[in-house]
Enquirer: 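The structure follows.
We number each residue from 1, following the sequence as shown.
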Amino acid sequence: MQTISRKKIFFPINSAFRNYLKLYERELKLPISYEELRYYDQSISVYDKEGKDTLWETVFYPQSMVGSIHAGLKRIYSILKAGGDQTAEEHLHIERIDYCTFGNSHPFRIKIVNNYNEVYDYFYIKIADASRIYGLELEHILSPYWMNFLIDGNTLVEEHIAGVPGDQFILHYLNRPEFNPKRIAKEFVKFNERCFVRLLGDMRSYNFVFDITPDFDDVQFRIRAIDFDQQFYEGRRTLYMPQYFKENRVFVDLAIKHLNAEVVKQYQQEERAVIARRIKAHRHRIKDLRDVIMTDRVSFPEKIQQLGNELAEYYHDAVFSRCKTMGEIIERSLKRLLVSSLR
């Protein structure tokens, strides 16, 4: 069974990383901070449709604070979604602010509603942890998805990632007759490879979602990570491979049942080839991020040494065992991928 650190340490954003975030327009001044949202005075538990505690609480603020908080949150939404254009703010309202009592990041979840058509959206405000932001940025560059997030000091704002949570997909969607299990298995193999190459850990089923898209002759699936706290932090190699988590066993069984070894290798190589093309397309941004990560402290020496040794054994590549930072390890992982794509 996989063991994740019970309490992950939060790492501050150093000056070099802040300069990078400013260069790529991730950091700017926001009207509300994470700390200000903590001044609520009442809360009630949020339950799901089956009456189970979701571990989220709806929070309430003193009447004297409500106006400024709601105005600030609408302005953040405008910055996040519309580049700062304030036109829509007059017909938006904040319906609910929830606080999560579970996990490392203790986020606030904001539900914002359009008054004209009652269409709603969510976004999140969290503590700005360097590990998580590296994870978001690597996801933006190396995955098929654009990541929309903003930083201001110690405040992180993230766009909601829509999809069916993996644990709910297992319960309610996996065995639907219209869903092709081979396509689900294929996507899990690719997702597993993507996480391992870029060292995104703790991808248990409730930390990723399924994006389900009907196609003209079948249903397509994409898996998207939604939790980036464990970006190159832990020391065990298998913690970066979703296949080893018991919560994901059903997907592993699906792959064993429907895919042979040659097909699995094909899908792994396809994913590596796509990542290699993304690295080449974003080579200047990758270089800037690499220069920051190489010297940043986002884990502990014993974890770095363990991961380096385990990857050296796995790849038969002694360079990993000589790495002194997580930045050096991720650089070696991506460099190996690039070299293999040139063969």
Side-chain angles (χ1 to χ4, degrees), residues 1-11 32-62 66 69-70 73 76-77 94-113 120-129 131-133 135-136 139 147 149 154-174 195 200-211 223-231 233-234 239 242 245-251:
M1 183 182 8
Q2 300 282 46
T3 303
I4 298 287
S5 298
R6 292 191 174 206
K7 183 65 177 176
K8 179 189 170 293
I9 302 299
F10 275 53
F11 292 96
I32 293 287
S33 69
Y34 179 90
E35 284 301 317
E36 288 175 274
L37 290 180
R38 295 181 66 182
Y39 290 118
Y40 60 88
D41 59 358
Q42 297 181 58
S43 66
I44 57 172
S45 297
V46 177
Y47 297 92
D48 64 17
K49 294 179 181 178
E50 299 174 352
K52 296 179 181 177
D53 192 342
T54 63
L55 302 179
W56 287 84
E57 299 176 347
T58 297
V59 298
F60 302 93
Y61 295 87
V66 170
I69 286 177
H70 284 201
L73 292 174
I76 287 177
Y77 186 76
I94 304 300
E95 182 168 295
R96 206 171 71 220
I97 302 172
D98 298 331
Y99 174 71
C100 185
T101 58
F102 176 75
N104 288 309
S105 58
H106 295 298
F108 287 92
R109 179 177 62 195
I110 317 302
K111 183 177 182 180
I112 188 166
V113 181
Y120 59 87
D121 196 3
Y122 293 98
F123 64 96
Y124 300 84
I125 298 182
K126 307 176 180 180
I127 300 172
D129 169 45
S131 298
R132 184 177 186 88
I133 299 168
L136 288 163
E139 181 79 357
M147 301 301 294
F149 66 94
N154 292 321
T155 297
L156 166 65
V157 178
E158 288 182 31
E159 185 178 50
H160 175 66
I161 299 174
V164 179
D167 54 346
Q168 295 302 306
F169 184 88
I170 293 169
L171 291 174
H172 304 296
Y173 291 81
L174 184 64
C195 291
L200 176 61
D202 194 18
M203 280 299 105
R204 289 173 279 188
S205 59
Y206 48 78
N207 286 333
F208 58 81
V209 297
F210 275 80
D211 184 358
I223 299 177
R224 297 193 61 178
I226 58 172
D227 191 326
F228 301 91
D229 286 340
Q230 294 284 346
Q231 176 63 51
Y233 173 73
E234 296 286 2
L239 293 175
F245 289 101
K246 62 180 176 60
E247 291 87 351
N248 301 334
R249 180 66 198 183
V250 64
F251 301 118

Enquirer: So how far is it from F108 CZ to I32 CD1, rounded to the nearest 0.5 Å?
Expert: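 Those atoms lie 11.0 Å apart.
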
Enquirer: Roughly how far apart are I97 CD1 and Y40 OH, rounded to 0.5 Å?
Expert: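 That separation rounds to 11.5 Å.
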
Enquirer: Suppose we screen for salt bridge (charged side-chain N to carboxylate O under 4.0 Å, His left out). Which residues come up paired with E57, at least two apart in sequence or across chains?
Expert: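 E57 satisfies salt bridge (charged side-chain N to carboxylate O under 4.0 Å, His left out) with no residue once adjacent residues are dropped.
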
Enquirer: Quick one: list whatever passes side chain to side chain donor-acceptor pair (under 3.5 Å) with T54, sequence neighbours left out.
Expert: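 Testing T54 for side chain to side chain donor-acceptor pair (under 3.5 Å), a comparison that skips the adjacent residues, returns none.
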
Enquirer: How would you list, by chain and number, every residue that makes a salt bridge (charged side-chain N to carboxylate O under 4.0 Å, His left out) with K49, sequence neighbours excluded?
Expert: none

Enquirer: Got a second to check how far Y39's OH is from I69's CD1, nearest 0.5 Å?
Expert: 11.0 Å

Enquirer: Going by salt bridge (charged side-chain N to carboxylate O under 4.0 Å, His left out), name the residues that satisfy it together with D98, two or more places apart in sequence or in a different chain.
Expert: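 If we apply the salt bridge (charged side-chain N to carboxylate O under 4.0 Å, His left out) test to D98, skipping adjacent residues, the hits are R96, R109.
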
Enquirer: Do N154 and Y34 have side-chain heavy atoms sitting under 4.5 Å apart?
Expert: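 No, too far: nothing below the 4.5 Å cut-off.
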
Enquirer: Sequence neighbours excluded and cut-off under 3.5 Å, please list the side-chain donor-acceptor pairs for residues 158-170, or say none.
Expert:
| unit_1 | atom_1 | unit_2 | atom_2 | d |
| --- | --- | --- | --- | --- |
| E158 | OE1 | K126 | NZ | 3.4 |
| E158 | OE1 | R132 | NH2 | 3.2 |
| E158 | OE2 | K126 | NZ | 3.4 |
| E158 | OE2 | R132 | NE | 2.5 |
| E158 | OE2 | R132 | NH2 | 3.1 |
| E159 | OE2 | K81 | NZ | 2.7 |
| H160 | ND1 | Y124 | OH | 3.0 |
| Q168 | OE1 | H172 | NE2 | 3.3 |

Enquirer: Working to the nearest 0.5 angstrom, can you tell me the gap between F123 CZ and K111 NZ?
Expert: 13.5 Å

Enquirer: Which word best sums up how the rings of F210 and F251 line up, parallel for under 30°, tilted for 30 to 60°, or perpendicular for over 60°?
Expert: tilted

Enquirer: Can you tell me how far apart CG (L239) and OH (Y233) are? Round to the nearest 0.5 Å.
Expert: 11.5 Å

Enquirer: So which heavy atom on A225 is nearest to which on L200, and how close?
Expert: CB-CD2, 3.7 Å

Enquirer: Could you state the interatomic distance from CD1 (I110) to OH (Y120), rounded to the nearest 0.5 Å?
Expert: 15.5 Å

Enquirer: Can you find a pair of side-chain heavy atoms, one from N207 and one from D202, that are under 4.5 Å apart?
Expert: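 The answer is yes; the side chains approach within 4.5 Å.
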
Enquirer: Are W56 and T58 close enough that some pair of their side-chain heavy atoms sits under 4.5 Å apart?
Expert: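 A side-chain contact under 4.5 Å is absent here.
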
Enquirer: For E247, give me all partners under salt bridge (charged side-chain N to carboxylate O under 4.0 Å, His left out), at least two apart in sequence or on another chain.
Expert: none

